[in-house]
Number of protein chains: 2
Amino acid sequence: VASAANGLDGAVRLTAPGQADDGVHRWLAERRRSNDFAVTRIPFAEMDGWRFEPESGDLGHESGGFFSVEGLRADGAAMSWSQPILNQPEIGILGIVAKEFDGVLHFLMQAKMEPGNVNTLQLAPTVQATRSNYMRVHGGRNTRYLEYFRGAERGHVLVDALQSEQGAWFVGKRNRNIVVQVTGDVPEHEDFQWLTPHRILALLSSDDVVGMDCRTVLSCLPFARPGGAARDAFTDALSRSYDPAAPARHTSTEILSWFTEAKSACDWRVSTVPLAAVPGWSRSAGEFADDARRNFRIVGVRVAAGNREVSSWSQPLLEPRGQGTATFIARPIDGVLHLLVHARRQPGLRDVVEMGPTVHLPPDEEPAAADRYAEAAADPGRVRFDAVLSEEGGRFLDARTRYRVVEAGPDFPVEVHPDYHWMTVRQLMDLVAYGHHLNVEARTLLACTHSLG
Amino acid sequence: VASAANGLDGAVRLTAPGQADDGVHRWLAERRRSNDFAVTRIPFAEMDGWRFEPESGDLGHESGGFFSVEGLRADGAAMSWSQPILNQPEIGILGIVAKEFDGVLHFLMQAKMEPGNVNTLQLAPTVQATRSNYMRVHGGRNTRYLEYFRGAERGHVLVDALQSEQGAWFVGKRNRNIVVQVTGDVPEHEDFQWLTPHRILALLSSDDVVGMDCRTVLSCLPFARPGGAARDAFTDALSRSYDPAAPARHTSTEILSWFTEAKSACDWRVSTVPLAAVPGWSRSAGEFADDARRNFRIVGVRVAAGNREVSSWSQPLLEPRGQGTATFIARPIDGVLHLLVHARRQPGLRDVVEMGPTVHLPPDEEPAAADRYAEAAADPGRVRFDAVLSEEGGRFLDARTRYRVVEAGPDFPVEVHPDYHWMTVRQLMDLVAYGHHLNVEARTLLACTHSLG
């Protein structure tokens, strides 16, 4: 029996020091050395089991599983376009097992190889598996630790929500983001290590260490930040931004209404179309790319790996050209830190609109649409967080985004364009629990905000 | 500046007597007399502007607007079927204007004619308009009172959420449910009347008076129910069920996790297909129906009306065979009323699963799938609410559902099947504000629950 009050039942406290700072990098380097990974680009024709459908031109696996590369068409009054898109209708599990040691919560993190990862191996959730993976549709090993998320051994749920992924590259993709707390013994494996949330958050400031799937699960957790001596007005306002009783610029009704308005105002009609029906893109032996060479391209790779469910395979990957940027502009309002959230349209999001960073420029997008606050977001003197982090290495090749939290300058307006809204950290944490409110870039930046102090 | 606490900012109090009880029925009867409505069944060939596409067999309007009748195909491991479905991708507005008179909140209700309505005319929201309606795509009059929802004259928002409609009959349909409170003078029109929420809720127990669009908007509002002298243990538990501090059987994290699990477990893949590709259905001059005559059928009507945006038109309607039933089983748990909510799969829901009544049997559905608690739901000695209410008369012809709230008997289990969860009224009110959590039948029953006392 629990309180019926809306809101989060528990919170993960952000103060849990006492863990050595260098162990993780050493462990990751060691795991990288002891696993024999090899990722090689290959022509499409050499991919096992993958083929372009003669009629539609779609690129898919002969089993009908995994994912496929199809076309997407978006039509609105103001604009209309087609593009290739990844279609992966299955809901996978991104799950973290949590356990207290000496009264301090730890998360069981995985050193996981993905073919598209910068540095091959990054920190991942305890379980990161598509439904086909864990149902063993394609053979392979049991998914380690799956029993803590499904069936009788399931732990106490701290958070459990469906969340979107890159709306420019996936159509309707979503994964189940879940954290369970267990009390019994958990068998250890050399690819896994118990880390405190504090330590994982601190690792966010190292480039390309904490993977996207780990960041999105972390971002769903309710964190609490005790007050106390603050370094400056910004960090004092940050602490207060976690307090449900702190004054916020907008009520939750106002925020939900703004979000409803943004969805209602978007007239985009999105549908999947045959890949062959996407004009301006063509296929060579080794890539599927736009003729202007401005967008991402699709390539094929062969992977040989020691610690995967299947030890060798080939697959397509989406390779962006260049690096994206995603920035939250933040400022204290009445002594409480607020982040400037953008109602962001992306064709692959299930509702087309989710809440995004103040400025988000994917590598393959024209600047015009997103540059309203780009100048303020680039102010180097006011950067509070700055790291280059990788997007999902199982689907994207060398896809990196520069994530920043930037303090608004004294001239930055409190009154903003109607597509934007100021929100407290607490309000974002409450929304993320319902799923499909914050897009994946905003969720990464929410996790980065938790790492500030 | 408001509290950042998650939850509802204000609440509509459920005690506001002082309004005569018979005025509404008289007014509706008078409006019915003074408007010259005529609805006539016609062959499809006589419908103006509507036609079956030669290739796909889809039934649509030549403008591409309004809605169309297409095919839907659902595939899962356990079952697979096709059926006709209404496709209306536009987001319409279902809006109520609220205003205080002598300190008591009133809602501006419309006596609105719809061609499929039982009794032709029922209570509707202030504004009930598709986007094409209010943008005047098809000509016609301005939508009355629209200015309170859009643009400069917009009132203070009490609630604003996108909600689903019948998941068995619509694919992906959703409308914006919004209530705005205004303070200035509002011009009056003979088809509109100010009513207290108390009075509207009381009208729910009259058959076929409060229309579906009115019920769904009402269900989104946060109501408060002051304690006090209760008639019995049930009504005492009902009052306590509105209290955010009252003990609930499940935390909100548990409820959201259960909902996420239900969505993740459903393997249905749903797509629209050409109507001509739906087997077992065929078209005659006057109907599109399944050969077994078990399901709904599509028919054509001609409408002549005095107070519509366009004074005469023809259109298709979906006509179910027989009457549906929808029941919430309710019981006090630890002195707080809980409703038994079902994680309900319907192919046309955007996420396939939403929270539904304990038992919901559409007129055209086989009983087997939904009869787990059907016997308890039919117990006539324990019925707390019982009325036959109409579904949306703009799309459905004589579609009626018997809505009931039934108190669980002493033998009814507290431990229920995993597809079901006990929730307090407060928990349902909190969830409904986020949209797409409660399906339209559960929302009607939530409104009916507010009418109990």
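Chain letters run A, B, ... following the sequence lines, proteins first and then strands; every chain starts at 1.
Ring orientation note: the planes of B:Tyr434 and A:Tyr434 are close to parallel, at an angle under 30° on the 30°/60° scale.
Only the backbone of A:Leu158 comes within contact range of chain B, judged by heavy atoms closer than 4.5 Å.
Taking B:Arg174 as the reference, A:Asp351, B:Ile91, B:Leu162, B:Arg350, B:His436 meet the side-chain contact (heavy atoms from CB on, under 4.5 Å) condition, with sequence neighbours excluded. Scored by the side-chain contact (heavy atoms from CB on, under 4.5 Å) test, B:Arg150 finds B:Ile93, B:Tyr134, B:Met135, B:Leu146 as partners (sequence neighbours excluded).
The shortest non-hydrogen separation linking B:Ser264 to A:Arg131 is O-NH1, 3.8 Å. For B:Thr260 against A:Asp160, the heavy-atom pair with the smallest separation is OG1-O, 3.0 Å.
Counting heavy atoms from C-beta on, the side chains of B:Arg154 and A:Ser257 come closer than 4.5 Å. With a 4.5 Å cut-off on side-chain heavy atoms, B:Thr253 and A:Val157 count as touching.
Ranking B:Glu261, B:Arg269, B:Met423, B:His437 against chain A, the residue ahead of the rest is B:Glu261, based on heavy-atom pairs under 4.5 Å.
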